[in-house]
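Letters A, B, ... are given to chains in the order of the sequence lines, protein chains preceding strands, and every chain is numbered from 1.
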Number of protein chains: 2
Amino acid sequence: MLRVSKITDHGIVILSNLASEPDGSTQSAREIAAEARLPLPVVSKTLKRLARAGILESHRGAKGGYALARSPAEITLADAITALEGPIGLMECSVHLGQCSHESTCTIRGPWQRVNDEIRASLERITISELLPTPGGDGELIPLRVASGDRRR
Amino acid sequence: MLRVSKITDHGIVILSNLASEPDGSTQSAREIAAEARLPLPVVSKTLKRLARAGILESHRGAKGGYALARSPAEITLADAITALEGPIGLMECSVHLGQCSHESTCTIRGPWQRVNDEIRASLERITISELLPTPGGDGELIPLRVASGDRRR
DNA sequence: TATTTACAGTACCGTACGGGTCCGATATCC
DNA sequence: GGATATCGGACCCGTACGGTACTGTAAATA
Ligand code: FES
Ligand code: FES
């Protein structure tokens, strides 16, 4: 299905929730889980990964919690995905060579690489702040800048 | 990693190999496996899926085998991926609603959908024939039409 | 028609990863 | 300094899927 992993899914939701808070505010894992209506362990694990990748700041102890390490407009979807499930690579050989059993006979590596780059570029274009409803109006969504005219099937 | 499944990976390689044969020619699963240097069972399963999806024609019995059901230029990557691993949907809720536990509180569905559409559009733009080396020159690759200027990180 | 070839479908197995639990480390507050 | 709250890391478990094997069925050939 070309799906991002479940944990990434959760992570994006969490990030967008955090981004809609006044900036710099820290929330505990428990609060975040409640807001996202997700089980605490899952949220906790997700937060840990995001913190380790430097997307979130973590503060321990009482009154501790997590906060965005930088502005939502500076966090791209590619950042989040990479942090949560590793480098973006559609195929095994997209991430580093020598994986596909026999690159010698395979002529499609180059073209695949371009597809990969194109998709990564798409994901790098979108930031967390673009996922939020507009601060003023409720429910209204910021329109995305789509790369080219969208062509449905 | 935002990876396509392994079977899709194999499928694309197989399709590109078939596409480089003179068109209409059928090859047995055994031959195809030999050419792709992949274990026969894996290739066999992959071919079955592609045939069921109508991308390949299968012919049983002696002298049977598989052949492309249509021109390589008419088979997009999206077709192949959909055939091999189901509909393209980055998140659970991208494919059909009512999956994400609580769509009511989730504000990011709309934007995500656009990201999904954009990526699917990319995959629909690329055909199998574009993965092949140019028929005349050896090793030279047909340049892809990238959607927009590629911006590396 | 008998035989051979090769695809079709089903069922089975092992690993990988999402999901969950537990204990240790650290900062705040009394 | 003790108590409490919260994050960090290691470990365990169940499911899902890639990989495999087996049996059935259709087509070609003699
Ligand atoms: S598919 Fe990976 S090198 Fe060919
Ligand atoms: S509805 Fe699926 S992430 Fe919100």
**Asked** So does B:K6 get a side-chain nitrogen or oxygen closer than 4.0 Å to the phosphate oxygens (OP1/OP2) of D:dC17?
**Response** no
**Item:** Atom-to-atom span, CG of A:L40 to P of D:dT6 - whole angstrom
**Value:** 11 Å
**B:A29 side-chain proximity, nearest of C:dG20, C:dC7, D:dT20** = C:dC7
**Request:** Could you list the residues that satisfy side chain to side chain donor-acceptor pair (under 3.5 Å) with A:R52, not counting sequence neighbours?
**Result:** none
**Prompt:** Tell me: NE2 of B:H10 to P of D:dC17, nearest whole Å?
**Reply:** 17 Å
**Request:** Check the side chains of B:S122 and A:E118 for a donor-acceptor pair under 3.5 angstrom, ignoring hydrogens and angles.
**Result:** yes
**Fill in**
With sequence neighbours left out, the residues meeting side chain to side chain donor-acceptor pair (under 3.5 Å) with B:S44 are none
**Complete:** Among the nucleotides C:dA6, D:dC7, C:dG18, whichever has the atom closest to the side chain of B:S28 is C:dA6
**Request:** Under the side chain to side chain donor-acceptor pair (under 3.5 Å) rule, collect the residues that match up with A:T46, sequence neighbours excluded.
**Result:** none
**Message:** Using a strict heavy-atom distance below 4.0 Å, which residues from residues 43-64 of chain B are in contact with DNA chain D?
**Reply:** B:K45, B:R60, B:G61, B:A62
**Request:** Give the rounded distance in Å between these two atoms: CG of A:L84 and P of C:dG18.
**Result:** 10 Å
**Integer-rounded Å distance: D:dT20 C1' and B:I7 CD1** = 12 Å
**Request:** Using the side-chain hydrogen bond (donor to acceptor under 3.5 Å, both in side chains) rule, collect all pairs that involve residues 58-75 of chain B, keeping only residues at least two apart or in two chains.
**Result:** B:R70-B:D79
**Request:** Kindly write out the residues that satisfy side-chain contact (heavy atoms from CB on, under 4.5 Å) with B:S16, not counting sequence neighbours, or none if the list is empty.
**Result:** A:I108, B:L132
**Message:** According to side chain to side chain donor-acceptor pair (under 3.5 Å), who are the partners of B:S28, at least two apart in sequence or on a separate chain?
**Reply:** B:E31
**Message:** Once side-chain contact (heavy atoms from CB on, under 4.5 Å) is applied, do any residues pair with B:P41, and if so which ones, sequence neighbours excluded?
**Reply:** B:P39
**Request:** Could you tell me the separation between the OH atom of B:Y66 and the P atom of C:dT5, rounded to a whole number of Å?
**Result:** 18 Å
**Request:** Specify the closest pair of heavy atoms between A:S129 and A:A73, including all atoms of both residues, with the distance to one decimal.
**Result:** OG-CA, 3.5 Å
**Message:** In whole Å, I'd like the distance from the CZ atom of A:R30 to the C1' atom of D:dT4.
**Reply:** 13 Å
Using nucleotides 1-3 of chain C, report all nitrogen or oxygen pairs with the protein that are shorter than 3.5 Å.
none

